[in-house]
Structures are given as structure tokens and as C-alpha cells.
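Notes to accompany the following structure.
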There are 4 protein chains.
Amino acid sequence: MQSPPDSIVAKAAGRPRDARIGQAVLHATTEILEEVGYQRLTIAAVASRAKTTPPAVYRRWPTKAHLVHEAVFPSTSEDVLPHYGDLREGLRSMLLSGVQLLSQPSARAAVPGLLAELAAAPTLHADILSRFAGGEWAWLPIRISQGIENGEVRPEVRAATLLDLISGSAFLATAVGPPERIDPQWIDEVIDLIMRGIAPDHETN
Amino acid sequence: MQSPPDSIVAKAAGRPRDARIGQAVLHATTEILEEVGYQRLTIAAVASRAKTTPPAVYRRWPTKAHLVHEAVFPSTSEDVLPHYGDLREGLRSMLLSGVQLLSQPSARAAVPGLLAELAAAPTLHADILSRFAGGEWAWLPIRISQGIENGEVRPEVRAATLLDLISGSAFLATAVGPPERIDPQWIDEVIDLIMRGIAPDHETN
Amino acid sequence: MQSPPDSIVAKAAGRPRDARIGQAVLHATTEILEEVGYQRLTIAAVASRAKTTPPAVYRRWPTKAHLVHEAVFPSTSEDVLPHYGDLREGLRSMLLSGVQLLSQPSARAAVPGLLAELAAAPTLHADILSRFAGGEWAWLPIRISQGIENGEVRPEVRAATLLDLISGSAFLATAVGPPERIDPQWIDEVIDLIMRGIAPDHETN
Amino acid sequence: MQSPPDSIVAKAAGRPRDARIGQAVLHATTEILEEVGYQRLTIAAVASRAKTTPPAVYRRWPTKAHLVHEAVFPSTSEDVLPHYGDLREGLRSMLLSGVQLLSQPSARAAVPGLLAELAAAPTLHADILSRFAGGEWAWLPIRISQGIENGEVRPEVRAATLLDLISGSAFLATAVGPPERIDPQWIDEVIDLIMRGIAPDHETN
DNA sequence: TGATAAGCGAGACGGTACGTCCGGTCTTGAG
DNA sequence: CTCAAGACCGGACGTACCGTCTCGCTTATCA
């Protein structure tokens with residue numbers, strides 16, 4: 001997250017970091033998150049569980065929020081290449097991946113806390129939000145304007161509003177209530193409703 | 001919120017509470033909330049601003065979350081009588097009131113924090129969620145089944161899913177990004193999309 | 001201590017005080033004093049032990065100090081008539097009665113506390129100090145000037161200084177160290193020293 | 001007062017204490033003592049005046065009594081080497097230094113309170129009493145037995161009793177009544193009386 | 001005889017002060 | 001420059017308890 005040790009040029013004087021510590025800390029973080037939640041998670045507890053010390057953690061992540069964020073949403077950058085194909089399938093994939101991401105136990109524990117910190121210190125904004133739906137947020141506006149051109153989508157539809165609906169419902173559905181609520185039927189229903197909502201008149205998807 | 005002790009019979013032994021303290025505390029709470037946010041709000045600071053002391057606050061609200069909740073969402077119970085009339089207008093009113101409620105500065109500051117506490121200590125669940133959209137949450141399923149009967153709504157539409165979409169987008173739109181994003185056009189757009197989404201085939205609203 | 005109900009004139013409208021409460025409170029006070037000391041004695045504890053309530057106590061004594069003072073040094077006004085006879089016997093009697101008064105367990109527990117309150121709020125000064133050695137404080141200056149006249153005492157001796165020595169040693173001897181330290185021999189020794197100290201030159205008592 | 005931990009060898013792991021905090025706290029303590037007295041002095045107030053916090057104070061002194069004691073009677077250990085010379089001058093110096101020590105405003109404010117705590121929790125006994133007259137308490141018995149040998153002092157005189165008289169009068173004179181009472185004449189008078197009191201018969205000092 | 005006034009027990013309130021937890025930082029000594 | 005150990009600083013906490021107040025009742029005196 002910080003000081004990606006520019007492996008090419010400088011030699012990073014002094015003792016190199018023990019890579020196992022970073023791994024152990026991230027692992028300990030998700031564990032503790034699921035056990036006690038975001039608020040009660042402390043750096044000291046994480047360090048202790050990872051068999052290291054707080055300063056070693058602070059050297060790697062400046063903030064509890066940064067640590068939790070990386071632990072829960074690793075920068076896998078496995079950003080599935082956005083498919084420019086079928087609109088319905090694209091939207092479904094967006095919603096599904098969002099819901100899956102937010103449904104993991106550690107994410108359920110972390111997201112409200114992260115959101116709260118984000119509200120108080122908007123510095124994290126960029127870092128955190130940028131990954132929330134991976135590269136698919138970039139795909140959406142492109143595909144929508146495409147759809148408007150070829151008559152799949154009403155011209156009035158704005159991608160940003162659509163994103164609010166999709167992300168908002170994904171967030172709400174995972175954040176409140178039991179996770180069982182979210183099943184394939186729920187996904188189908190939402191996508192169906194949205195597809196009908198954005199379709200031009202006299203056309204039935 | 002607590003101890004309106006059967007106002008008819010018993011007389012509540014002991015010195016009665018100074019009603020002005022409760023008022024002052026609630027007022028101070030919203031002020032401080034807007035100034036420093038949920039996380040940095042402390043009971044001591046609230047008490048001090050209200051010219052009283054922490055114990056007086058703790059006597060009234062067991063938790064910072066309870067205090068903030070009551071300060072931001074007072075139990076006005078001015079639950080506007082849900083109108084059983086026009087569906088579009090009903091939905092718009094729901095969304096609008098939700099957005100307005102969540103757009104107040106104090107609510108913007110409070111909601112993520114409350115949500116985080118709620119995730120960690122689900123005791124508040126009932127208390128807090130129950131009021132989020134007032135009596136309108138009760139109105140929705142009734143009106144939807146009505147709509148299904150008279151052909152306004154597709155039979156597959158479930159009120160719960162609809163609620164996820166409406167609440168979720170309202171929450172997301174107010175929680176992230178600047179409040180200016182939410183304007184009448186945004187409301188119209190969302191309602192339009194939803195109305196089209198729930199309408200039966202071959203019918204254009 | 002307060003409101004000596006001027007038994008002659010007014011009849012004190014309203015319900016009269018329950019005399020047993022006052023007694024019980026005083027008794028409870030000395031008990032608790034010996035058990036836990038002045039600082040840890042609370043009005044609530046006293047009231048509870050006396051089977052009554054704090055307000056009933058506060059109605060009688062405005063302050064813990066007043067209560068303790070009256071409990072430990074009752075205004076017996078059994079002020080033994082000061083004898084104007086033998087000087088040595090008079091001084092011995094003064095020292096002895098002082099030491100005995102201050103040696104009671106309750107007094108040992110109370111005096112330092114009272115002294116401390118007295119230092120902080122000199123209002124009690126008059127009330128408390130006035131009784132410390134009963135009427136004998138009045139006797140001393142008279143008997144000393146008498147002694148100077150008849151050659152028992154050096155003319156330079158001032159009664160106030162003598163009082164400092166006698167009271168001071170009595171206080172110190174009882175306040176610090178175990179009570180066993182103070183025995184007849186100690187008394188004799190102090191009196192002997194003082195008698196020699198105040199005697200005129202070339203005279204051996 | 002505590003933990004000057006074997007200043008020779010070990011280096012005390014962990015972050016060292018900020019020495020300025022200790023100084024500032026002691027200074028604030030004497031100030032507040034003179035302003036409001038012992039009882040109303042609060043650790044929190046001291047900490048605040050010293051621009052630090054209660055925990056920092058509690059780390060250094062376990063009790064208000066310990067703190068006040070060190071603030072008022074610093075362990076200067078400037079224990080003036082006891083002079084084995086002139087008896088009268090030695091006693092005068094004892095009395096004078098005691099009176100001066102106890103006459104400082106902060107000492108006048110502190111002593112009764114300390115005494116009261118000491119009565120309730122005799123743990124402090126050793127700590128506090130030990131310094132009350134510095135090394136001179138050790139000098140007295142030695143010099144007295146010397147004096148008995150060389151005929152300056154009656155053989156019956158015990159140093160402990162003498163100490164009661166000297167300390168007791170010093171304490172009483174400073175503790176009650178205005179400080180102006182204690183002037184050189186008072187000192188002379190007391191010393192004169194004591195010197196005559198301990199002298200052998202037929203000898204005039 | 002009824003009105004007045006004060007004392008009483010019960011119990012909660014308002015507020016001071018407390019002592020502690022703990023989050024994040026810093027120092028030391030070694031690698 | 002990193003690591004581990006460990007103490008320190010200070011923000012915030014939640015509570016114990018003190019003295020007060022309110023209540024409803026009781027007990028005397030006074031009109």
C-alpha cells in the first residue's frame with residue numbers, strides 16, 4: 001500500500017522488511033474483523049495475533065482504515081476485463097460481483113466502519129471507493145451510451161443514476177438484514193426491473 | 001426514548017428530570033455532529049456544550065448511538081398518514097422524504113457511524129431501522145399488492161426488493177458524494193426508471 | 001448544635017424532630033468513625049446505620065465536620081471548674097484531660113480530618129477550637145500571672161506560648177504513633193520539664 | 001519518589017519519562033494548594049494546570065497524598081549536616097527549621113490534609129514522617145545523651161519526649177492561628193523554656 | 001376541628017472527581 | 001532501515017458517590 005519498494009532502482013538501504021509480517025497481519029486482520037467487528041478491532045490486537053508489534057504494522061499502513069481496506073479488498077487487480085457484450089449480462093455481472101464482494105463476512109464487518117471513517121476523513125475517498133466495483137464502474141457509462149445509440153436504452157438514462165441504483169441496492173441488501181436474503185432470485189428481480197426501467201417505450205426485454 | 005413511565009397512574013418517585021437538560025443535550029448533539037462528525041463526538045463534549053455533565057447524559061441515553069439516533073431522527077411520530085392514492089406520487093414521496101431525511105447535515109454525519117455501530121451491536125437494529133422511512137415502509141407492500149390487482153404492477157414484483165432499490169439508492173446518493181448531486185431531476189429519473197421497471201408489459205407510464 | 005429550640009418562647013410550629021434520630025445518628029457517627037476514619041465516613045453511611053436517611057441528618061448538622069465534631073466532643077459543658085490551686089497540678093490536669101480527650105479512638109480518627117477541614121473553611125474555627133481544652137484555656141493565663149506575682153513563675157513566661165507547648169505536645173503525642181506511647185511517665189516528664197522551664201532561676205521545683 | 005531504578009546499571013527499557021512533566025506537575029501542585037487547599041485540589045486540576053493529563057500524574061505518584069507530600073517537602077536531601085556543637089543552638093535550629101518548613105503557604109495548606117490521610121492509611125507514615133525534620137531527628141538523641149554525660153542535661157530527660165514538645169509546638173503554632181504569631185521572640189521563649197527544663201538543678205543556662 | 005407547617009422515608013437527580021483503558025508514539029538495543 | 005520489547009503520553013471513558021430535591025405521608029401546633 002505504501003512504499004512499493006521500487007524494485008528496479010534503489011536498493012532500499014537498511015534491513016529489508018520481513019514479507020511474512022505483512023501477510024500475517026492481513027490475515028490476522030480479516031480474522032479479527034469477523035470476530036469482533038471493525039470498531040473493536042485494534043492495531044495492537046492485530047499485531048499480537050500476527051506475532052509482531054504495533055510499530056511494524058504502522059510502518060506498513062498509516063491507518064486502521066487502510067489496513068482493513070487492504071485486508072478486505074485486496075488489490076488483486078484481477079479486474080476482469082469488462083465485456084462489452086450483452087447489456088443484461090453486464091449489469092447482472094456488476095450487481096453479482098458487488099454483492100459477492102460485500103457479502104463476505106469480513107466485508108460485512110468492515111464496510112460500515114470504513115464508510116464511517118470515510119465520512120469523517122474524506123482522504124480515503126479515492127483509495128477506497130475506487131475499487132468498490134472494480135473496473136466495471138468504468139464499463140457502465142460506455143456501455144450505456146452504446147446502448148442508447150443502438151436503441152437498447154432510453155436516451156434519458158444516465159449511467160450515474162443507474163450506478164446509484166445498482167450499488168445502493170447491493171450495499172443495502174448486504175449491509176442490513178441477514179445475508180440469506182440475497183439469492184439468485186433477488187438478483188434476477190433487480191436486474192429485470194432495471195432492464196425494463198431503462199428500455200425504450202414499446203419494447204419488452 | 002426511554003421511561004415515559006406509564007404517564008397515567010404512578011408518579012415516579014424521586015426528583016424528576018430537568019426537561020431542559022434533555023433538550024439542550026439533543027441540540028448540542030446535532031451541533032457537534034455537524035462540526036466534527038460521529039466518531040469525534042464525545043459524550044463529554046456534548047454534556048459540556050449543553051452546560052451539564054456526562055452522568056446526566058448517561059442517565060437519559062445508554063449509548064452514544066442512542067443519543068445520536070434520537071437527536072438526528074427524533075421520534076416525532078408525525079408519521080404522515082400514508083396516502084393510498086397515486087402510486088407514482090407515493091413512491092416519489094417515499095424517496096423524497098428518505099433523501100431529505102438523510103440529507104440534513106447532521107444525518108449525513110451520523111448515518112455511517114450509526115450503521116457501523118449497528119453492525120457491531122445489533123441491539124439497536126430494531127430501534128434505529130424501524131424509523132428510517134417512518135410509516136411509509138408499511139405503506140409500500142399494501143400499495144404494491146393493490147397495484148398488482150388493478151394491473152398497475154407486474155405480479156412478479158416484490159415490495160421488499162423495491163424497498164431495497166429505493167432505500168439503497170437514497171442512502172447511497174446521500175452518503176457518498178456531495179449533496180448537490182441529489183436534485184429533483186435525480187429523483188424524477190429514479191422514479192421514472194422504477195415505474196417503468198415495475199409496470200406490466202406493453203404499458204407505458 | 002443548631003436551633004436550640006429556644007425552649008422558652010416559640011413552640012416551633014410543625015412536626016417536631018424525632019429526638020431518637022439525633023441520638024442514633026451521633027452514635028452511628030462515632031462507630032463509623034472508629035471503623036473507617038474521617039475521610040471515608042459518609043453521611044449516607046451514617047444515616048443508613050442510624051436507620052434514617054441523609055436529609056434527616058442534614059436537617060440537624062450542616063456539614064460532616066459539624067456532625068463529627070458534636071459526636072466526638074459533645075457539648076457536655078461539664079467544664080470542670082478550674083481550680084486555682086496548685087500550679088503543677090493544674091498544668092498536669094490540663095495536659096491529662098487534653099490527652100485523654102484526644103486519645104479516644106473516635107477522636108484519634110476525627111481530629112486530623114477536622115483540622116484539615118478547619119484549615120480549608122475557617123468558619124468552623126470558632127465552633128471547634130473553642131472547646132478543645134474546655135474551660136481550662138481560660139484558667140491558664142490567670143494562673144500564670146498569679147504565679148508571676150507570687151514568684152512561682154518567671155516574669156518572661158507568656159501563657160500563650162505555654163499553651164502552644166502543652167496543646168502541641170498533647171496533640172502530637174496522640175496524633176502520631178501508637179496510643180501506648182502516652183503513659184503516666186510521659187505526662188510526668190512533660191510537666192516536670194515545663195515546671196522547671198517556667199520556674200525562676202535558682203529555684204528547684 | 002519512586003523508580004529511580006538502580007541508576008547505575010540498567011537503562012530502563014521503553015520510552016523514558018518526560019522530565020518536564022514531573023516538574024510542571026509539582027509546580028502546579030503547590031500553586032493549586034495555595035489557592036484552594038488540600039481537599040479541593042484535584043489530580044485533574046493539577047494535570048490541567050501542568051498542561052498534561054491525569055494518567056501522566058498517576059504514573060508518577062500513586063496518590064494525591066504522595067504528590068502533595070513531594071511537592072511541599074521535596075526530597076532535597078540537602079540534609080544540613082547536623083552540628084554536634086552547642087546544644088541551645090542545635091535545638092533552636094531544629095525548631096526554627098521546623099517552623100519555617102511548616103510556615104510556607106503551601107505547607108500550611110497541605111499539612112492538615114496529609115495528616116488526615118496519614119491517619120486513615122498509615123502506609124504513608126514512613127514516607128511522610130521520615131522527612132518532617134530532616135536529619136535533625138537523628139541528631140537529637142545523640143546530642144542529648146552526650147549532654148547527659150557532660151552534665152548539660154538531666155539524666156531523666158528522654159529525647160523522644162523532647163521531640164514531642166518541639167515538634168508539637170512547631171506544628172500547633174503553624175497550624176492554628178495566623179502565621180504572624182510565630183516570631184523570633186516566640187522561638188526564643190520556647191527554646192529558653194526547654195533549655196531550663198532540661199538543665200540539671202542548680203544550674204542556670 | 002380543620003388548616004398550617006415542618007419532619008419523615010424513599011428515591012432519583014445534578015454534578016464533581018475519579019482512576020483506568022487503550023490508541024498511537026517514542027526509545028532502546030540488536031540485527 | 002528494520003525488528004521486538006516496553007514504557008510513555010494523552011484522549012476518552014463510564015462510574016461512584018455526594019449533597020440536594022421532589023414526592024406523598026405523618027405528626028404536631030394554632031386558629
Side-chain angles (χ1 to χ4, degrees), chain A residues 3 5 10-18 20-21 40-48 51-60 62-64, chain B residues 3 5 10-18 20-21 39-45 47-48 51-60 62-64, chain C residues 3 10-19 21-22 40-45 47-48 51-60 62-64, chain D residues 3 5 10-21 39-45 47-48 51-60 62-64:
Chain A
S3 69
K11 297 294 276 306
R15 174 174 173 174
R17 284 186 180 159
D18 184 339
R20 290 166 314 185
I21 290 183
R40 314 197 108 127
L41 174 146
T42 69
I43 299 286
V46 169
S48 167
K51 300 215 191 311
T52 183
T53 57
V57 178
Y58 281 112
R59 245 173 257 124
R60 291 167 171 76
T63 294
K64 178 164 99 170
Chain B
S3 73
K11 312 75 169 3
R15 176 174 176 173
R17 289 196 178 142
D18 184 338
R20 289 167 314 185
I21 289 184
Q39 324 284 345
R40 317 194 100 124
L41 175 146
T42 58
I43 299 285
S48 168
K51 301 216 192 310
T52 182
T53 57
V57 178
Y58 282 113
R59 244 171 258 124
R60 290 167 171 78
T63 293
K64 179 164 101 169
Chain C
S3 69
K11 297 297 275 303
R15 175 176 176 172
R17 287 188 181 154
D18 184 338
I21 289 183
R40 315 196 106 124
L41 174 146
T42 68
I43 298 287
S48 167
K51 301 218 192 308
T52 181
T53 56
V57 178
Y58 282 110
R59 247 173 254 125
R60 290 165 172 78
T63 293
K64 179 164 99 170
Chain D
S3 73
K11 318 63 175 3
R15 175 174 176 173
R17 286 195 180 144
D18 184 339
R20 291 167 314 187
I21 290 183
Q39 325 285 346
R40 315 196 106 127
L41 175 146
T42 311
I43 298 286
S48 168
K51 300 215 192 313
T52 182
T53 56
V57 178
Y58 282 112
R59 244 173 261 125
R60 289 165 173 79
T63 294
K64 179 164 98 168

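Naming: A, B, ... by sequence-line order, numbering from 1 per chain.
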Notebook entry, point to check: Just how far, in rounded Å, is P of F/dT29 from CZ of C/Arg15?
Noted result: 12 Å
Item checked: For atom CZ of C/Arg17 and atom C1' of F/dT27, their distance in whole Å -> 15 Å
Next item on the list: Ignoring backbone atoms, establish whether B/Thr42 has a side-chain N or O less than 4.0 Å from OP1 or OP2 of F/dG11.
Entry: no
Notebook entry, point to check: Between B/Pro54 and B/Ala44, what is the shortest heavy-atom contact and its length?
Noted result: CG-CA, 4.2 Å
Next item on the list: Tell me which of D/Ala19 and C/Ala44 sits closer to the 5' end of DNA chain F, going by the nucleotide each one is nearest to.
Entry: D/Ala19
Next item on the list: Starting at atom CZ of D/Arg60, determine the distance to atom P of E/dG19, rounded to an integer number of angstrom.
Entry: 17 Å
Next item on the list: Assign each of D/Gln39 and C/Thr52 to its nearest nucleotide of DNA chain E by heavy atoms, then name whichever residue's nucleotide is nearer the 5' end.
Entry: C/Thr52
Next item on the list: Name the nucleic acid region contacted by C/Lys51, choosing base, sugar-phosphate or nothing; use a 4.0 angstrom heavy-atom cut-off, strictly under.
Entry: sugar-phosphate
Margin query: So B/Pro55, base contact, sugar-phosphate only, or nothing? Heavy-atom distance under 4.0 Å.
Written below: base
Next item on the list: Consider the side chain of C/Ile43, meaning its heavy atoms from C-beta on, and name the nucleotide among F/dG19, E/dT16, F/dC3 that approaches it most closely.
Entry: F/dG19
Note to self: How many whole angstroms separate atom CG of D/Leu41 from atom C1' of E/dT16?
What the structure shows: 14 Å
Notebook entry, point to check: On DNA chain E, nearest-nucleotide positions of D/Ala45 versus C/Asp18: which is more 5'?
Noted result: C/Asp18
Next item on the list: Please report, rounded to the nearest Å, how far the P atom of E/dA12 is from the CD1 atom of B/Ile21.
Entry: 17 Å
Notebook entry, point to check: In whole angstroms, how far is the P atom of F/dC21 from the CZ atom of C/Arg59?
Noted result: 12 Å
